[in-house]
Q: 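This is the structure I have questions about; it appears just below.
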Protein chains: 2
Amino acid sequence: MPEVRCCQCPLRQLPLFMPNNADEIALVQSLKRCELRVGPGETLIQEGQTEASLFTLLTGWAYRFKTLSDGCCQILNFLLPGDFIGVQQKMIAVAEHGVMSLTDAVLCVFRRDALWELHRQSPSMGFNVTWLSAREESLVDEGLLSVGRRSAEGRISALLILLFKRAAARQADGGAAGVPFPLTQQHIADALGLSLVHTNKTLRKLERRGMYRIEQARLHIIDTGKLMNLADLYDPLSNRTSASRPLV
Amino acid sequence: MPEVRCCQCPLRQLPLFMPNNADEIALVQSLKRCELRVGPGETLIQEGQTEASLFTLLTGWAYRFKTLSDGCCQILNFLLPGDFIGVQQKMIAVAEHGVMSLTDAVLCVFRRDALWELHRQSPSMGFNVTWLSAREESLVDEGLLSVGRRSAEGRISALLILLFKRAAARQADGGAAGVPFPLTQQHIADALGLSLVHTNKTLRKLERRGMYRIEQARLHIIDTGKLMNLADLYDPLSNRTSASRPLV
DNA sequence: CGACGTGTTGATCTCTCTCAATTAGAGTGG
DNA sequence: CCACTCTAATTGAGAGAGATCAACACGTCG
C-alpha cells in the first residue's frame, strides 16, 4: 500500500485539527521519514530506551505506560489518531515511559530532528507542538484526578465518557453509531489503578444499570447524564465556579 | 524592593538551567510585564478561570490542583523556582486546574502573548518551552504511577525523594543541609490520593524507621536506599531493563 | 483437542478511610 | 502574662471499598 502524502492526510480534514497552509504541509512532508505498520500489542517505545523515534499516530490506538519492578503497569493515557508519540523522549534522552499499540496501527515516522526543525522553520507549528503537549498533559491531569480522588464507579464513568468524546471527535457521525473501543478490561484496570476483578464487577454494574453498552468492540454511551454524574465531571459550557477575574 | 532584571536572574546561574545568550535574555525581559509578590495559600489561577496570565516562579513554591464538586482536592504537581505557571491556560482558553502558592513567592508576570512571541522571535527558546512542557508532563506521569500502583508507603517515599531531588538541584549545597519543605500533611495527602490520617500514620512510620527527618520546615533524607526501595524507584543511571534499540 | 486469553462471579482478606479525641504551637486580645 | 482560638499533627477504634484467591465460561487458534 502506498504511503500517505501529508497533503492528503485524512486527519487534516477533521474539524478537530487546525488548517495548515501549503508551506507548512510541505515542511511536515519533508520531515516525514516513512510509515510504520504494526499489529496490536506491539512495543513502539520501550521504557528506558534511548534514541526513540518521533511518531504520529495515523490510524489505530495506542497507550503510554510505566511499570514497576514487580511488573505491574500503570497506563498514563491513551493515544488516538493524530496524537504525537515520543515528544518527551526526543527531549529527555531516555524514555521514562513505554508506548504500546492497542490495535493495528499506521504511524508516520519523523526524522529525529523533526521537532527542532519544525520549531526553527515554522514558529507557528512549533507553537502548536507546545499546545499539543499542554493538551496531553491535561489528559494526564484528568487521569490523576480520577485515580487519586474518584471511586471505582467514578473512574470508570469518567474514562468511558472522555474516551468516547475523544474518539467521537474523530469520526464523521460524531459518535452516533458508537466509537471503536479496543480496550480489554485489563487495560481499563491498568489505566484506573484498579484490580482486574473489581474493574469487571464495576463495569458490569454500570452496564446493567443501562449507562453504556459495548458491542462488537464499539462503545455506545446510553445515559450520558448519569455517567457524568457518577464521574462528577462538569459540563465545560456551564461554569460551576463563579466567574473570576485574572489576578494580574 | 526593585524588580529583578532578567539578565541578573538568580535562577539563570544554577547549573540546572541552560545558558542563554544576550539576545534571548533581552527578549524575555521585553516580554516581562511585572513582578507579583504573594503570601502562602493564595490563588494564582482559579479553576475555570479564563484569560489567566503566564507566570514564572522566581522564588517560593506552589502547586497545581483540581477539585471535585464535593470540594476534595487532588494536587497534580508541585512547582518550584524556575517553573512555568499557566502554559496550559494560555493554550486552552479556560483553566482546567487551579494554581495556589505554598509559601511566600515572587512571580514574574509575562505578557499574554509572551508564549507566541517567544516561539516567533526565538525558535530555540520556543523549543525549550516545549521541552519544559514535556518535562512537567513526566512529573505528572510519575505522580499517576504512584497514586495508581504504589502502596501508601511507596507513594510517600517516592514523593519525598523526588521533591528532595528537585529542591536540592536548586541550591548550592546540593541538599547537604536539607531542603525547604513547606508542605503540610494535608498537601501530601492531596497529592498522593490518601486520607490525612493515613498519611500521618505512614509518615510517622517511615520517620521512626529512620528514613527521613523534617526539622524547622526542612527535609533531610537519611536513608536514600531504603526509601528508593520502598518507592520502587529506579536509579536512572543503572538501566534496569535490557538495553533496547529503536524500532525505526 | 488442549492451551490460552478474556470475561464473569463468589468468598475472603486487608489496606486505607472515616469518626473521634487529644496534643502542641502560633497568634490575639485583654 | 494568661486565657482563648485556630491550625497542624497525632493516635486509637471501627468500617468499608477494593484487593486477592479461586473457579468457571467462552471463543480462538495451533
Side-chain angles (χ1 to χ4, degrees), chain A residues 39-42 68 70-75 100-104 146-160 181-209 212-219 230-232, chain B residues 39-42 68 70-75 100 102-104 146-160 181-209 212-219 230 232:
Chain A
E42 286 193 48
L68 291 177
D70 67 359
C72 94
C73 148
Q74 174 67 42
I75 292 181
M100 181 166 283
S101 61
L102 215 40
T103 63
D104 283 320
S146 262
V147 174
R149 290 301 181 203
R150 284 197 251 251
S151 67
E153 285 189 1
R155 295 182 209 184
I156 291 193
S157 305
L159 180 75
L160 291 180
F181 195 78
L183 314 197
T184 65
Q185 296 187 350
Q186 183 67 65
H187 291 127
I188 300 180
D190 285 343
L192 300 181
L194 295 170
S195 71
L196 176 57
V197 173
H198 197 62
T199 300
N200 175 283
K201 288 174 182 171
T202 310
L203 227 24
R204 298 296 341 267
K205 203 192 308 178
L206 299 189
E207 192 175 16
R208 263 186 251 115
R209 283 198 230 153
Y212 78 96
R213 188 161 37 93
I214 293 179
E215 252 165 27
Q216 292 150 354
R218 292 186 76 81
L219 167 66
L230 271 185
D232 195 7
Chain B
E42 286 193 47
L68 291 178
D70 66 1
C72 94
C73 149
Q74 174 67 42
I75 292 181
M100 181 166 282
L102 214 41
T103 64
D104 282 320
S146 261
V147 175
R149 289 303 182 204
R150 283 198 252 253
S151 68
E153 285 188 4
R155 294 182 210 183
I156 290 192
S157 305
L159 180 74
L160 291 180
F181 195 78
L183 314 196
T184 66
Q185 295 187 351
Q186 183 68 63
H187 292 126
I188 299 179
D190 286 342
L192 300 180
L194 295 171
S195 72
L196 175 58
V197 174
H198 198 60
T199 300
N200 176 281
K201 288 175 181 171
T202 311
L203 226 24
R204 298 297 339 267
K205 204 191 310 178
L206 299 189
E207 192 176 17
R208 263 185 251 119
R209 283 198 230 152
Y212 79 95
R213 188 162 38 93
I214 292 179
E215 252 165 28
Q216 293 151 353
R218 292 185 76 80
L219 167 66
L230 270 185
D232 195 6

Q: Starting at atom CZ of B:R150, determine the distance to atom P of C:dT16, rounded to an integer number of angstrom.
A: 14 Å
Q: Taking only heavy atoms on the protein side, list every residue of residues 198-208 of chain B lying under 4.0 Å from any atom of DNA chain D, sorted numerically.
A: B:N200, B:K201, B:R204, B:R208
Q: How many whole angstroms separate atom CZ of B:F181 from atom P of D:dA8?
A: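 About 15 Å, once rounded to whole Å.
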Q: Round to the nearest Å and state the distance from A:E153 atom CD to D:dA17 atom C1'.
A: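 A:E153 atom CD is separated from D:dA17 atom C1' by 11 Å.
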Q: Kindly indicate whether the side chain of B:L159, heavy atoms from C-beta on, has any atom under 4.5 Å from the side chain of B:R155.
A: no
Q: Rounded to the nearest angstrom, tell me the gap between atom CG in A:L196 and atom P in D:dC21.
A: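 Distance, rounded to whole Å: 13 Å.
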Q: Heavy atoms only, 4.0 Å cut-off, all strands: where does B:L194 land among base, sugar-phosphate and nothing?
A: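 The residue B:L194 makes sugar-phosphate contact but no base contact.
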Q: When you check the gap from the basic side-chain N to the acidic O, do A:R218 and A:E215 get nearer than 4.0 Å?
A: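 Here A:R218 does not pair with A:E215 in a salt bridge, since their nearest N and O are not under 4.0 Å apart.
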Q: Categorize B:G193 for me: base, sugar-phosphate, or nothing, with a 4.0 angstrom heavy-atom threshold over every strand shown.
A: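 If one applies the 4.0 Å heavy-atom cut-off, B:G193 turns out to touch the sugar-phosphate alone, with no base involved.
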Q: Can you tell me if B:Q185 touches the phosphate of D:dT10, counting only side-chain N or O atoms and a distance under 4.0 Å to OP1 or OP2?
A: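 Yes, because at least one side-chain N or O of B:Q185 sits under 4.0 Å from OP1 or OP2 of D:dT10.
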Q: Between atom CG in B:D190 and atom P in C:dC17, what is the gap in whole Å?
A: 11 Å
Q: Taking atom types as modelled, is there a side-chain donor on A:H187 or A:T184 under 3.5 Å from an acceptor on the other?
A: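 The criterion, which ignores hydrogens and geometry beyond distance, is satisfied for A:T184 and A:H187.
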Q: Compare all side-chain heavy atoms of B:D104 with those of B:P40 and state whether any distance is below 4.5 angstrom.
A: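 When only atoms from C-beta onward are counted, B:P40 and B:D104 do touch, with a gap below 4.5 Å.
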Q: Give the rounded distance in Å between these two atoms: CG of B:L102 and C1' of D:dT7.
A: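 Rounding to the nearest Å, CG of B:L102 and C1' of D:dT7 are 15 Å apart.
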Q: Between B:R149 and B:D232, does any NZ, NE, NH1 or NH2 come within less than 4.0 Å of an OD or OE carboxylate oxygen?
A: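 Judged by the 4.0 Å cut-off on N to carboxylate O distance, B:D232 and B:R149 do not form a salt bridge.
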Q: Output the rounded distance in Å from CG (A:L192) to C1' (D:dA19).
A: 15 Å
Q: Once you round it to whole Å, what is the distance between C1' of C:dT8 and CD1 of A:I188?
A: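 Atom-to-atom, A:I188 to C:dT8, this comes out as 14 Å.
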Q: Do B:M100 and B:E42 touch side chain to side chain, with heavy atoms closer than 4.5 Å?
A: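 B:M100 does not reach B:E42 side chain to side chain.
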Q: Tell me, do A:L219 and A:L183 make a side-chain contact under 4.5 Å, heavy atoms counted?
A: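 Not touching, per the 4.5 Å side-chain cut-off.
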Q: Mapping B:V197 and B:T184 to their closest nucleotides on DNA chain D, which lands nearer the 5' end?
A: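 That would be B:T184.
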